[in-house]
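Shown next, in structure tokens, is the structure this report addresses.
Because the structure is predicted, anything quoted here is derived from the model rather than measured. Sequential numbering from 1 along the given sequence is applied to the chain's residues.
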Amino acid sequence: MLSAESAAIVRATLPVVGASLDAITTRFYDTMFAERPELLDGLFNRGNQASGEQRRALAASIAAFATMLLDRPDERPDQLLSRIAHKHTAVGVTDDQYVIVHKYLFGAIAEVLGAAVTPEVAAAWDEVYWLMAGALIAQEARIYAEAGARDGDTWRPWRVVARREETPDTVSFLLRPTDDAPLPPARPGQYVSVRVRMPDGVHQLRQYTLSSLGEERLRRITVKRVDGDPAGEVSTLLHATVRAGDELTLSAPFGDVTLEDGDAPLVLVSAGIGCTPVVAMLDHLAATCSGRRVLVLHADRSPAAHALRDDMLRLAAERVFWYESGALAPDRTGLMDLDGVEIPAGAVAYLCGPVPFMRDLRARLLRAGVAARDIHYEVFGPDLWLGAG
């Protein structure tokens with residue numbers, strides 16, 4: 001994949017480039033948005049820019065991709081690329097935008113590293129970039145084709161059929177398309193982007209897991225209000241303004257962490273609003289009359305704060321809930337642990353929740369005998385947990 005000459009240069013310069021990636025990506029985004037502000041209107045999420053999450057995710061993905069090319073030169077890191085490709089297609093990234101990113105990213109590299117970027121160094125890292133970009137473009141074209149779209153054109157108007165208050169800070173919207181065209185395919189665990197016009201006129205996007213694939217052309221998203229965080233401005237707007245009868249613009253469903261077919265027992269682990277893909281999976285298993293053993297483990301602040309609790313109680317025969325307060329038997333008090341919990345042999349696990357929570361539970365599941373290849377996780381927002389497997 002990577003030429004021998006470029007591999008030697010990338011290996012020699014990776015420590016310097018890696019140590020400077022935060023400065024490089026900061027300069028990259030600042031310059032690109034200053035010169036191309038339209039990219040913040042309906043493509044890049046400005047909340048993720050304000051928090052630095054997008055910058056850190058880009059830096060991590062570049063470093064991880066380059067490292068994988070060096071460590072396993074005969075393999076392409078498809079798992080890493082698949083996750084990025086689904087994030088890109090969810091916001092409508094197109095091929096030509098890779099040229100724009102290349103221009104500003106390599107301009108930032110030259111500015112930050114200065115004379116260290118010789119023509120040979122620039123050419124080697126250029127090869128890394130286009131290997132990554134070319135593989136992503138190919139994957140994204142396939143994903144768009146599966147969604148029945150091309151060039152990022154997956155947007156469609158949906159009408160809010162009903163609004164349901166789940167908890168004081170969480171609401172579900174039941175949605176139906178406004179036209180009669182076939183629905184894009186959806187798999188349990190996938191998410192959609194919602195695109196809204198903010199009060200200042202700028203369009204912003206946010207991804208929400210489909211908490212139910214539904215019947216009769218109905219699908220559901222469940223949205224947690226996020227106060228005081230720029231990344232939560234779309235969710236806050238939905239809470240404050242959207243009612244039954246309103247229209248929302250949604251993308252087709254995307255995401256590579258989906259429920260796989262099979263007979264292996266399932267362990268579905270979540271915390272907080274991370275329950276949404278778990279409920280979608282449970283809903284699908286019930287609808288298909290699956291005979292798989294399913295163990296549901298969920299942690300939350302309290303029963304009153306537990307969104308979709310009634311759905312979990314209805315759909316999960318085997319379950320354990322942990323609450324920081326207000327727990328009543330058989331629920332447990334405190335943070336989630338696996339003490340006394342029987343993890344089925346040969347289980348496949350799915351995790352969704354805050355990254356520290358998933359790191360901890362992944363380690364506990366490994367100690368309980370679940371194979372690393374059988375532990376899957378979903379991250380809301382930019383993926384800052386690259387390489388966790």
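By the 4.5 Å heavy-atom criterion applied to side chains, Tyr191 and Phe254 are counted as neighbours. In this structure the side chain of Tyr208 never reaches within 4.5 angstrom of the side chain of Thr222, judged on heavy atoms. Leu338 places a side-chain heavy atom less than 4.5 Å from the side chain of Leu365.
Each of Leu297, Asp374, Val370 was evaluated against Val267; a single residue qualifies, Leu297, per the side-chain contact (heavy atoms from CB on, under 4.5 Å) test.
For the pair Arg219 and Trp158, the cation-pi criterion (under 6.0 Å, within 45° of the ring axis) is not fulfilled. The cationic group of Arg55 does not satisfy the cation-pi geometry with Phe33, failing either the under 6.0 Å distance to the six-membered ring centre or the 45° limit from the ring axis.
With sequence neighbours excluded, the residues that form a side chain to side chain contact (heavy atoms under 4.5 Å, CB included) with Ala368 are Ile343.
The pair Asp337-Arg332 meets the salt-bridge criterion, since a charged nitrogen lies less than 4.0 angstrom from a carboxylate oxygen. The existence of a salt bridge linking Arg301 and Asp169 is confirmed by a sub-4.0 Å separation between a basic side-chain nitrogen and an acidic carboxylate oxygen.
Atom CG of Asp179 has more than 12 heavy atoms from other residues, nucleotides or ligands within 6.0 Å. The environment of Arg373 atom CZ is sparse: at most 12 non-hydrogen atoms of other residues, nucleotides or ligands sit within 6.0 angstrom. Around atom CG of Leu366, more than 12 heavy atoms belonging to other residues, nucleotides or ligands sit under 6.0 Å away.
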